[in-house]
Amino acid sequence: MTVLAFDCSTQSCSTAVLSRDNVLSWRFAVMARGQSEALMPMIEETLVEAGVGWADLELIGVTVGPGTFTGIRIGLAAARGMALAGRFPVAGVGSLEAVAYAVPEPERRDRTILVALDSKRADLFFQAFASDLTPICEPFAAPPEAAIRRFSGPLLLAGDAAERLAAIARDAQMSTAAGHPDARVVGRLAALRHQNGCALPPEPVYLRPPDVTLPATSQPIIVPGACR
């Protein structure tokens, strides 16, 4: 199966093309903003480097969150557009599990993996995994102190917010894995989940409401002379 995978759900942008679990090409860049301008050129570069055309693709893999509202929407809109144009299936992958699956096996041994992603708020995005990468809980948002208290035993911290936990989790270790989701991992997970029929739908996973909402009593704005 030839897979195009990408992620822009956090503070980075990543693309990869895989075939039969082999990575043919890969791009990764840390960026706080600008994913909407960067994603499509990175996808085109990745496809060209891999020598793969749109007609060769069999699956789109994309992260569904949690993460930034804008980044999640950018990635899902791109995946849905490609799926509509090329009639590709789309397999969703959780941002937190993509980070967990990049943690090396020797680091995971006999530890609970706690992945923490920055939400740009006091609460962080969390999910915990057993050493064999089985999820212990669903993704959740919480202050760092509250999240640490939920889990006992030795912890392995991963994700771009892991350093914020290290000061309060005294017996925890820091993973050497990248703190952001990696499109290579997203592609492998998407192919596996698609083949097993258990991929996440390409729908956003939001753990908190949007920062801006319309007032409940808002009235439509009528522009004089506008067509009705």
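Below, each value reflects all heavy atoms present in this structure, side chains not excepted, and no hydrogens, waters or symmetry copies.
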Between the side chains of S95 and S9, is a donor N or O closer than 3.5 angstrom to an acceptor N or O?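 S95 vs S9: donor-acceptor pair found between side chains.
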Side chains of T176 and E107 only: does a donor on one sit below 3.5 Å from an acceptor on the other?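 The answer is yes; a qualifying pair exists.
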Contact check, side chains of F129 and L114, non-hydrogen atoms, under 4.5 Å: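 Heavy-atom side-chain distance check fails, nothing below 4.5 Å.
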Is there a side-chain contact between T2 and V52 (heavy atoms, below 4.5 Å)?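 Of all side-chain heavy-atom pairs linking V52 with T2, at least one is under 4.5 Å.
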Nearest 0.5 Å, please: how far is [atom2] in [Y] from [atom1] in [X]?
| X | Y | atom1 | atom2 | value |
| --- | --- | --- | --- | --- |
| H194 | L200 | NE2 | CG | 13.5 Å |
| T10 | D160 | OG1 | CG | 5.5 Å |
| M42 | Q35 | CE | CD | 9.5 Å |
| R73 | C8 | CZ | SG | 11.0 Å |
| I74 | L39 | CD1 | CG | 7.5 Å |

Answer yes if L155 and I136 sit in the same cluster of Ile, Leu, Val, Met, Phe, Trp and Tyr residues linked by side chain heavy atoms under 4.5 Å apart, and no otherwise. yes
Please say yes or no: joined through hydrophobic side-chain contacts below 4.5 Å, possibly via intermediate residues, are V186 and F6 part of one cluster? yes
Tell me, yes or no, whether the heavy-atom count around D171 atom CG, taken from other residues, nucleotides or ligands under 6.0 Å, exceeds 12. yes
Taking it one step at a time, do D123 and R121 satisfy salt bridge (Lys or Arg N to Asp or Glu O under 4.0 Å)? CA-CA 5 Å; D123 289 357; R121 295 295 182 270; over 6 Å; no
Heavy-atom pair of closest approach, residues A177 and V103: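 So the minimum-distance heavy-atom pair works out to CB-CA, 3.9 Å.
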So which pairs with a foot in residues 18-60 pass ring-ring contact (aromatic ring centres under 6.0 Å, His included), sequence neighbours left out? none
Worked check of salt bridge (Lys or Arg N to Asp or Glu O under 4.0 Å) between R150 and E145: CA-CA 9 Å; R150 288 185 57 168; E145 295 82 0; over 6 Å; no
Checking H180 against V99 for the side-chain contact (heavy atoms from CB on, under 4.5 Å) test, could you report, in this order, the C-alpha distance in whole Å, the side-chain angles of both residues, the deciding distance, and whether it holds? CA-CA 6 Å; H180 303 283; V99 174; 5.9 Å; no
